[in-house]
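Notes follow the structure.
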Amino acid sequence: MIDRKFYTEGNLEKTYLQDNFFKFNTRNHNGKIGFDYNLTEKNLLGASVSFTSNVFKPRGDSKTAILGPNDQPLSHTVTLSQTANTLKNISANLNHKYSMDTLGSELSTDIDFIRYVNTSNQSFDTKTNNNEDEPIGIPYILRGKTDGGLNIYALKSDWIKIFPKNLKLEAGFKTSYVKSDNDIEFYNHSTSPAVRDTNKSNHYIYQEHIYAAYGNVSKKWNKLKTVLGLRIEKTDVTGTQLTTAQINKRQYTQLFPSAVFSYEFTTDHNLEVNLSRRINRPNYQQLNPFKYYINATTYRVGNPDLNAQTSQNYELTYSFKSRYIATLSYSKISNNITTVIKPVIENGENITVQTEENLKSASYYSLNLILPIKPTNWWDINNSANFYYGSYTGNVSGTQINNIGNFTLDMNSLHTLKLGKNFVAELAANYKATEVYAFVRIDPYWYLNIGLQKKFRDKNTLKLALSDLFNSNTIKGVTVYNDYKENFKSRREPRVVMLSYSYNFGSTKTGQSRKTGAADDLKRRAE
């Protein structure tokens, strides 16, 4: 349920009361095959190929009542939507490792190629009636099709040299090239023949080159361990909107230093200081300027002008017996990437848009606690709590905020009970307090998940799980701008009961897995 109010110079002009219902049908398949081959005693060659195939078919029923300045009913609309999304992905990796000595020194190289293919068919039928339930105009019928492709190429090489007396040097380089090509066509089928909608159609190509090199030196003394590092990255980005002949280019080179100091007072007590500068780039969907419609007055769109965010991070961590951990941290973020729901005016009508914007800055102060407890031999409790304060500064839709935020907390407790005869029960409780996130305030919410599993020897497991036992996982909140206020209430999915059975055909005694791949960070941006 959504209550949207639009204002002009403080005066209420229009209200949208929306009730959106979506049903999701998904089908996922994935697989992976790989090998490692010892060319010689010191040379290891490996390769792997994996694939995924996902079909996602949401169906929506959106009803909107439109009210005037005095809350008098003006009209109401009904939008029926149906979307069929198909995402296919194949990735290939070739890797080599050369073992230089018996101390663990090595030279490793990875080459990756990843291909994503995405097709989407969107259908929206909207009918508008007046207060007497009489049709206003003809039904608005919108059809859209997206053909998208994403290619990722990555090469990296890492050199590790281990010296006596606990001295280690690391160096490496990485280069990657990404090209995303998405073409979307929208047609208005309200009349015959259908007419191409030039305001909604788009063809966008995104190209990105990243070149990076790094070096680390680490040294361990009796109780003190130090790691000093420096990474340099050069980024070259070009975004081209073919429909408007608009080209957006960006080039920048940045340094990312890091330092870690760890001191072991005793075998049980350890203190660590971690200082670093990091970068977080927007994912490819956030950069894609295509409109995904929810109803006649709401859509989601990417922002091709989105910049990467950088952060200065400071952490102090104390651990006791490597089990009980407390981390005190502070982060200062520039160009903070923030998801916003903002009002705009298109063709004289009030529209609400979900997108990403760069806020000027954000700051986070955090205390994170990890507290495992074992009341009995058959009962394990893993508790975690994050107490933090976030503040935001920036301007969106003509609304300026300065250091807006609040103190909040996030708590989790996982209980594992061994009931005997290979029965194991689990209970997971989660609570999140009120949070102010830039222009949004989200009310507190909580939920409880339970599960029971039975292991049959070492080969197979039967598991029964129920999510959100008390049907309490409801997100409620309010979004506020100078001329806009939105109260919302959302449930992403109802309670779910899952019964699963797994069987292990192979041996339970497997060798140690070896981490390979040069494009893990790029793949995360594509998901």
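Fair warning: this is a prediction, and the values are worked out from it, not measured in the lab.
More than 12 heavy atoms of other residues, nucleotides or ligands shown are found within 6.0 angstrom of CG on Leu255. For Lys432, the NZ atom counts as densely surrounded, since its 6.0 Å shell holds more than 12 non-hydrogen atoms of other residues, nucleotides or ligands.
Side chains of Glu208 and Tyr206: a donor on one and an acceptor on the other come within 3.5 Å. Glu346 and Tyr299 share a donor-acceptor pair across their side chains, judged by distance under 3.5 Å alone.
Counting heavy atoms from C-beta outward, Gln18 and Thr298 have side chains that approach closer than 4.5 Å. When side chains are defined from C-beta on, Leu287 does not count as touching Pro304, because their heavy atoms never get closer than 4.5 Å. Side-chain contact between Asn89 and Lys523: absent, with no pair of heavy atoms (C-beta onward) separated by less than 4.5 Å. By the 4.5 Å heavy-atom criterion applied to side chains, Asn350 and Arg4 are not counted as neighbours. Contact annotation: the side chain of Leu87 approaches that of Tyr116 to within less than 4.5 Å [non-hydrogen atoms, C-beta and beyond]. Phe6 places none of its side-chain heavy atoms less than 4.5 Å from the side chain of Thr15. With a 4.5 Å cut-off on side-chain heavy atoms, Tyr292 and Thr83 count as touching. Residues Ser472 and Tyr445 form no side-chain contact, since every pair of their non-hydrogen atoms from C-beta on lies 4.5 Å or further apart.
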Exercise for review: Carefully, step by step, assess Lys342 and Phe439 under the rule side chain to side chain contact (heavy atoms under 4.5 Å, CB included).
Suggested key: CA-CA 9 Å; Lys342 64 179 186 179; Phe439 302 92; over 6 Å; no

**Study point:** Intermediate values then yes/no, side chain to side chain donor-acceptor pair (under 3.5 Å), Asn336 and Thr338
**Key:** CA-CA 6 Å; Asn336 185 70; Thr338 306; 2.7 Å; yes

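When all heavy atoms are compared, the tightest approach of Ser81 to Phe22 is OG-CE2, 4.0 Å. Taking all atoms of both residues into account, the shortest heavy-atom contact from Tyr392 to Ala438 is CD1-N, 3.3 Å.
The pair Asp197-Arg143 does not meet the salt-bridge criterion, since no charged nitrogen lies less than 4.0 angstrom from a carboxylate oxygen. A salt bridge links Glu356 with Arg300: the distance from a Lys NZ or Arg NE/NH1/NH2 to an Asp or Glu carboxylate oxygen falls below 4.0 Å.
In this structure, the ring-ring contact (aromatic ring centres under 6.0 Å, His included) partners of Tyr177, at least two apart in sequence or on a different chain, are His209.
Side-chain N or O atoms of Asn307 include none that pairs as donor or acceptor with a backbone N or O of Asn358 at under 3.5 Å.
Aromatic ring orientation, Tyr293 versus Phe186: perpendicular (interplanar angle above 60°, classes split at 30° and 60°).
If you look at Tyr364 and Tyr388, their ring centroids are not closer than 6.0 Å.
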